[in-house]
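Predicted model only: the values in this text are computed from it and were never measured. For ligands, and for the atoms within them, numbers begin at 1 and follow the listed sequence.
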Amino acid sequence: MTSARSPEPVEGQARTGHVLITGGSRGIGAATARRLARDGRNVVITYAHRAEDAEQVVADCRAAGVDAWAYQAELSEPGAVDGLFTRFDEEIGRLDALVNNAGVVSPQGPVTSYDSDRVRRVMEINVVAAFALATEAARRLAVDHGGSGGVIVNVSSRAAIRGGAFEYVDYAASKAALDALTVGLGLELAQQGVRVVGVRPGVIDTEIHAPGRLERVAPEVPLGRSGTADEVAAAIAWLISDEASYVTGSTLDVGGGR
Ligand code: NAP
């Protein structure tokens, strides 16, 4: 198999390629960007609306000594992924890894309350855009396409296994689709120098939750608390690293046992 290793960084210098992290302005994506920057990885983060938050993440990453940029991309818009990669190709060049992180939950309720617009929106962002992002990344990383190998990390959810009953079964289904992408694309790219992996966070303390949900659900977690974005970022950083060189086509639960 072709080596997926990126060139080792020269002491005091960052690697030449960049890790693209969608939804990097806050939550798990922001924690991942800051963590990877501390690990010496150059990053490009995307955000939908919160430009100031994104610029703060970029400033923190640069302060860690790496190259960092923030691109605006509303992933529900047609052409957003193409536009994002066109800009990346022109301004950055080499992609080392994708963290397919941006995602949305839908309002809580039973399936019988859903309309098709709601389901379509969550599928467009969590599935259609995520598939397009992984596809474009694969086209740049795979050795048969002239790439140097790399890693794609899909940020799934424990909801994919638990089903999201009475909360967001459509969200759970969107993340189950992402899990299947991890397996299938992982197999397709196994001989291409590209590992495709995922994380399934449980209840993580970010702004994604409806008011009061964290407090309600955290006591159910066997480890007795909600997780932090930094704890998920640590798992992603390991999966991206060469330490995880024999891991592909699989998704790691980061849910405190729930
Ligand atoms: P978050 O705090 O709500 O942050 C979401 C990020 O995604 C922000 O950077 C946001 O940009 C961006 N984003 C939101 N909608 C977007 C859109 N339509 N187009 C482009 N970007 C968009 O979320 P999080 O908790 O960190 O979640 C990150 C990932 O982890 C998601 O895929 C989520 O499903 C998954 N996850 C989270 C948990 C949890 O408990 N937190 C558990 C399981 C899985 P702006 O800041 O510009 O709005």
Side-chain angles (χ1 to χ4, degrees), residues 20-35 43-58 70-81 83-84 98-106 108 118 120-134 153-164 167-168 170-179 181-182 198-218 220-221 223 225-233 235-236 251-256 258:
L20 177 62
I21 305 164
T22 63
S25 46
R26 52 198 168 91
I28 291 167
T32 301
R34 291 185 172 110
R35 168 59 198 260
V43 295
V44 174
I45 64 167
T46 77
Y47 64 96
H49 308 291
R50 307 240 309 233
E52 273 186 30
D53 290 347
E55 289 305 334
Q56 183 58 57
V57 175
V58 164
Y71 288 1
Q72 197 275 338
E74 167 52 64
L75 293 174
S76 64
E77 288 176 0
V81 172
L84 173 62
L98 166 71
V99 182
N100 215 351
N101 168 74
V104 293
V105 293
S106 26
Q108 296 189 26
R118 162 198 165 118
R120 190 173 295 113
R121 178 173 179 273
V122 74
M123 292 298 169
E124 273 174 1
I125 297 167
N126 292 5
V127 180
V128 178
F131 261 67
L133 284 152
V153 184
N154 292 319
V155 180
S156 175
S157 169
R158 282 288 300 158
I161 307 297
R162 298 175 56 86
E167 293 196 304
Y168 32 55
D170 48 359
Y171 170 77
S174 76
K175 294 301 189 178
L178 210 50
D179 287 357
L181 174 67
T182 299
V199 289
R200 267 187 226 103
V203 185
I204 308 301
D205 189 358
T206 73
E207 294 178 39
I208 203 169
H209 300 280
R213 182 175 187 272
L214 266 181
E215 295 70 18
R216 176 169 54 80
V217 177
E220 299 172 11
V221 178
L223 284 186
R225 60 175 176 83
S226 55
T228 68
D230 285 343
E231 289 174 308
V232 182
I236 293 171
T251 299
L252 176 65
D253 289 325
V254 188
R258 179 180 183 275

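Near G24, with a cut-off below 4.0 Å to any heavy atom, the atoms of ligand 1 are 9 (O). Heavy-atom contacts of V104 reach the following atoms of ligand 1: 15 (N) (cutoff under 4.0 Å). Atoms of ligand 1 found under 4.0 Å from any heavy atom of H49 (numbered from 1 in listed order, with element): 45 (P), 47 (O).
Here OG of S156 is found 10.5 Å from CG of L181. Values are rounded to the nearest 0.5 Å. Once rounded to the nearest 0.5 Å, the distance linking CD of E74 with OG1 of T46 reads 10.0 Å. One finds the CD1 atom of I21 at 8.0 Å from the CG atom of N101 (value rounded to the nearest 0.5 Å). A distance of 11.0 Å separates CZ of R213 from CD of E215, quoted to the nearest 0.5 Å. Note that the CD1 atom of I45 and the CG atom of D53 stand 9.0 Å from one another [nearest 0.5 Å]. Note: I125 CD1 to R120 CZ = 13.0 Å, rounded to the nearest 0.5 Å.
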- Should T206 and R26 be marked as a side chain to side chain contact (heavy atoms under 4.5 Å, CB included) after you check the CA-CA gap, both sets of side-chain angles, and the distance that decides it? CA-CA 8 Å; T206 73; R26 52 198 168 91; over 6 Å; no
- Evaluate the side chain to side chain donor-acceptor pair (under 3.5 Å) criterion for residues S25 and R50: first the C-alpha distance (whole Å), next the side-chain angles of each, then the deciding distance (0.1 Å), finally the verdict. CA-CA 7 Å; S25 46; R50 307 240 309 233; over 6 Å; no
- Take S226 and D205 through the side chain to side chain donor-acceptor pair (under 3.5 Å) test and state the conclusion after the steps. CA-CA 6 Å; S226 55; D205 189 358; 4.8 Å; no
- Message: With side chain to side chain contact (heavy atoms under 4.5 Å, CB included) as the criterion, how do H209 and V203 come out once you've worked through the C-alpha distance, each side chain's angles and the decisive distance to 0.1 Å?
- Response: CA-CA 9 Å; H209 300 280; V203 185; 4.2 Å; yes
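Of all protein heavy atoms, the one closest to atom 34 (O) of ligand 1 is Y171 OH, 2.6 Å. Of the protein's heavy atoms, A73 O, 3.1 Å lies nearest to atom 20 (C) of ligand 1. Counting protein heavy atoms only, atom 30 (O) of ligand 1 is closest to V155 CG1, 3.3 Å. The closest protein non-hydrogen atom to atom 31 (C) of ligand 1 is N101 O, 3.1 Å. Counting protein heavy atoms only, atom 17 (C) of ligand 1 is closest to E74 OE2, 3.5 Å. Of the protein's heavy atoms, A48 CB, 4.2 Å lies nearest to atom 13 (N) of ligand 1. The nearest heavy-atom contact from the protein to atom 48 (O) of ligand 1 is R26 NH2, 2.9 Å. At the shortest separation from atom 41 (N) of ligand 1 among protein heavy atoms lies T206 OG1, 3.0 Å.
Here D230 does not pair with R35 in a salt bridge; the nearest charged N to carboxylate O distance is not below 4.0 Å. R121 has no carboxylate O lying under 4.0 Å from a charged side-chain N of D170, or vice versa, which leaves the two without a salt bridge. Under 4.0 Å is where a charged nitrogen must lie from a carboxylate oxygen, and between R162 and E167 no such pair does.
The N/O atoms of L75, backbone and side chain alike, include one that comes under 3.5 Å of an N/O atom in ligand 1. Inclusion of P201 in the set of residues having an N or O under 3.5 Å from an N or O of ligand 1 is not warranted. Remark: ligand 1 and I125 share no N or O pair separated by less than 3.5 Å (distance only, no angle test). The N/O atoms of Y47, backbone and side chain alike, include none that comes under 3.5 Å of an N/O atom in ligand 1. No N or O atom of G29 sits closer than 3.5 Å to an N or O atom of ligand 1. Here's the thing with T46: none of its N/O atoms is less than 3.5 angstrom from an N/O atom of ligand 1. By the 3.5 Å distance cut-off applied to N or O atoms, R50 is counted among the residues near ligand 1. Polar contact with ligand 1: absent for S157 (N/O pair, distance under 3.5 Å).
In the displayed structure, R216 atom CZ is contacted under 6.0 Å by more than 12 heavy atoms of other residues, nucleotides or ligands. Counted within 6.0 Å of CD on E52, heavy atoms from surrounding residues, nucleotides or ligands total 12 or fewer; the atom is thus considered open.
Summarising the contacts of atom 45 (P) of ligand 1 with S25, A51, A30, the nearest heavy atom is found in S25. Residue G202 holds the heavy atom nearest to atom 38 (C) of ligand 1 of all those in A33, G202, S226. Looking at N154, I28, L214, it is I28 that brings a heavy atom closest to atom 26 (O) of ligand 1. Of the listed residues (S156, G103, G23), the one carrying the non-hydrogen atom nearest atom 44 (C) of ligand 1 is S156.
Counting heavy atoms closer than 4.0 Å to ligand 1, residue H209 contributes side-chain atoms (C-beta onward) but none from N, CA, C or O.
Within the 4.0 Å heavy-atom shell around ligand 1 one finds K175.
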